[in-house]
Amino acid sequence: MKQYLIILFMISLCVHAQEKLNVYFDFDKYDLNDEAVKKINSWIAEGKDYEVIKLYGFCDWKGANSYNDTLALKRVYTVCDFLKASKIDVKKDIEIRGFGEDFEQSKVQEENRRVTIIFQEKKEIILEKSSEERLKEQVNASKKGDLIKLPNFYFYNNSAKIVPKSQPVLYDLLCVMNDNPKLKIEIQGHICCKLPSEFDAVSTARAKAIYNFLILNKIDRKRLTFKGYGVSRPIHPIPEKNSLEEDENRRVEILIIEN
């Protein structure tokens, strides 16, 4: 089973404290403009010991799909070459993906023409798998009826808005869905800290937010359903005794419908 060397922060956040930097491109171009070069050089000038672990390329909706797929990858490789020339540590088996125009497009077209650099600061080297690899292994080993918890997945308080540090988990799930075209799931939302008699729509809204993300990123809606369970399926009895129990009750899971 393939192992990956993952560089971790001393304080672990979601998906091993990955951070991101977006650089933007001119329309129909894949070479770095002055603003993009300046942004990358400013990041490098911070002087921290970074390792780049993923590069994702995106395009706006103008043009044919196949053309945009190619353009997105050209942008990725332009950034990759620039980083290597600048002596930035680019992971040997770096994950490179071109999403073309097949993602949730921003209303501001300039924001769609970008490469997202996902990196982490090197502090301590341990043998570990990536979050996407672990999720992929769980899914591959699963059967109909199995439940898989999405790790480190958080929302703003009492809302369905996903916190920024949980965005990589969404892309992990998206990649797993793309890599497993027969996979069908139910997205399940669970909350904490309420009595079973109290009405709550947040868990459903949270499950639907993930469902909408996958739909907007071209996952067939026939492969997806969503449902909010409120506090009807707690891991720990309600009311919870402490914040740890609250965190474990407040979760998102995927139910394997077909694999």
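What you see below is based on every heavy atom in this structure, not just the backbone, and it leaves out hydrogens, waters and symmetry mates. Residue indices begin at 1 and follow the sequence shown.
Using modelled atom types, one finds a donor on one side chain and an acceptor on the other under 3.5 Å when comparing Tyr56 with Glu95. In summary, the side chains of Tyr67 and Asp28 do present a donor paired with an acceptor at a separation below 3.5 Å, with no hydrogens or angles considered. Side-chain atoms of Asn112 and Ser106 include no donor-acceptor pair closer than 3.5 Å.
Summarising the local packing, CG of Asn242 is surrounded by more than 12 heavy atoms from other residues, nucleotides or ligands at distances under 6.0 Å.
Annotation: cation-pi pair Lys218/Phe103 absent, no NZ/CZ under 6.0 Å from the ring centroid and within 45° of its normal.
Tyr24 and Val79 fall into different hydrophobic clusters, defined by Ile, Leu, Val, Met, Phe, Trp and Tyr side-chain heavy atoms under 4.5 Å apart, directly or through other members. Both Ile44 and Phe119 are part of a single hydrophobic cluster, where members link through side-chain heavy atoms under 4.5 Å apart. Cluster membership check: Tyr211 does not share its hydrophobic cluster with Leu147, using side-chain heavy-atom separations under 4.5 Å among Ile, Leu, Val, Met, Phe, Trp and Tyr. Residue Ile191 is not grouped with residue Tyr229 when hydrophobic side chains (ILVMFWY) are merged at heavy-atom distances under 4.5 angstrom, including chains of intermediate members. Taking hydrophobic clusters as Ile, Leu, Val, Met, Phe, Trp and Tyr residues chained together by side-chain heavy-atom distances below 4.5 Å, Ile40 shares a cluster with Ile94.
For the pair Lys84 and Asp81, the salt-bridge criterion is not met [side-chain N within less than 4.0 Å of a carboxylate O]. Ion pairing of Asp179 with Lys136 is present here, as a side-chain N (NZ or NE/NH1/NH2) and a carboxylate O approach within less than 4.0 Å.
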Candidate pair Lys222 and Lys184, rule side-chain contact (heavy atoms from CB on, under 4.5 Å), full reasoning: CA-CA 8 Å; Lys222 294 179 181 179; Lys184 295 181 180 180; 5.8 Å; no
CA sep, side-chain torsions, deciding dist, call: Tyr154, Ser166, side-chain contact (heavy atoms from CB on, under 4.5 Å): CA-CA 6 Å; Tyr154 303 107; Ser166 291; 3.9 Å; yes
From CA spacing to verdict: side-chain contact (heavy atoms from CB on, under 4.5 Å), Leu55, Val115: CA-CA 7 Å; Leu55 289 171; Val115 167; 4.3 Å; yes
Derivation and outcome, side-chain contact (heavy atoms from CB on, under 4.5 Å), residues Thr204 and Phe226: CA-CA 7 Å; Thr204 300; Phe226 67 90; 4.0 Å; yes
Evaluation steps, salt bridge (charged side-chain N to carboxylate O under 4.0 Å, His left out), between Lys54 and Asp172: CA-CA 12 Å; Lys54 298 179 183 180; Asp172 287 344; 3.5 Å; yes
Phe155 vs Phe153, ring-ring contact (aromatic ring centres under 6.0 Å, His included): CA-CA, chis, key distance, verdict: CA-CA 7 Å; Phe155 296 83; Phe153 204 88; 5.4 Å; yes
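Of all non-hydrogen atoms in Arg223 and Met177, the two that sit nearest each other are NH2-O, 2.9 Å. Between Val76 and Arg97 the shortest heavy-atom distance is CG2-O, 4.0 Å. Taking all atoms of both residues into account, the shortest heavy-atom contact from Thr78 to Asp31 is CG2-CA, 4.2 Å. The shortest heavy-atom contact between Arg251 and Lys149 is CB-CE, 4.0 Å. Across all non-hydrogen atoms, the minimal contact from Lys227 to Ala207 is O-CB, 3.7 Å. Shortest non-hydrogen contact noted between Ala72 and Cys59 is N-SG, 3.5 Å.
Ring orientation note: the planes of Trp43 and Tyr50 are close to parallel, at an angle under 30° on the 30°/60° scale. Ring geometry for Phe58 against Phe99 counts as parallel: the plane angle stays under 30°, on a 0 to 90° scale with 60° as the upper cut.
For the pair His236 and Pro234, the minimum side-chain heavy-atom distance is 4.5 Å or more. You'll find the side chain of Asn217 stays beyond 4.5 Å of the side chain of Asp102, heavy atoms only. Residues Lys20 and Ile117 fail the side-chain proximity criterion, which asks for heavy atoms closer than 4.5 Å. Side-chain contact between Leu183 and Ile256 is present, with heavy atoms from C-beta onward closer than 4.5 Å. The shortest side-chain heavy-atom distance between Gln188 and Ile254 does not fall under the 4.5 Å cut-off.
We find the CG-CG distance between Leu150 and Leu135 to be 6.5 Å, quoted to the nearest 0.5 Å. In this structure, CD in Gln167 is found 10.5 Å from CD1 in Ile118, a value given to the nearest 0.5 Å.
The only option from Ile219, Asn178, Asp220 that meets the side chain to side chain contact (heavy atoms under 4.5 Å, CB included) definition with Leu214 turns out to be Ile219.
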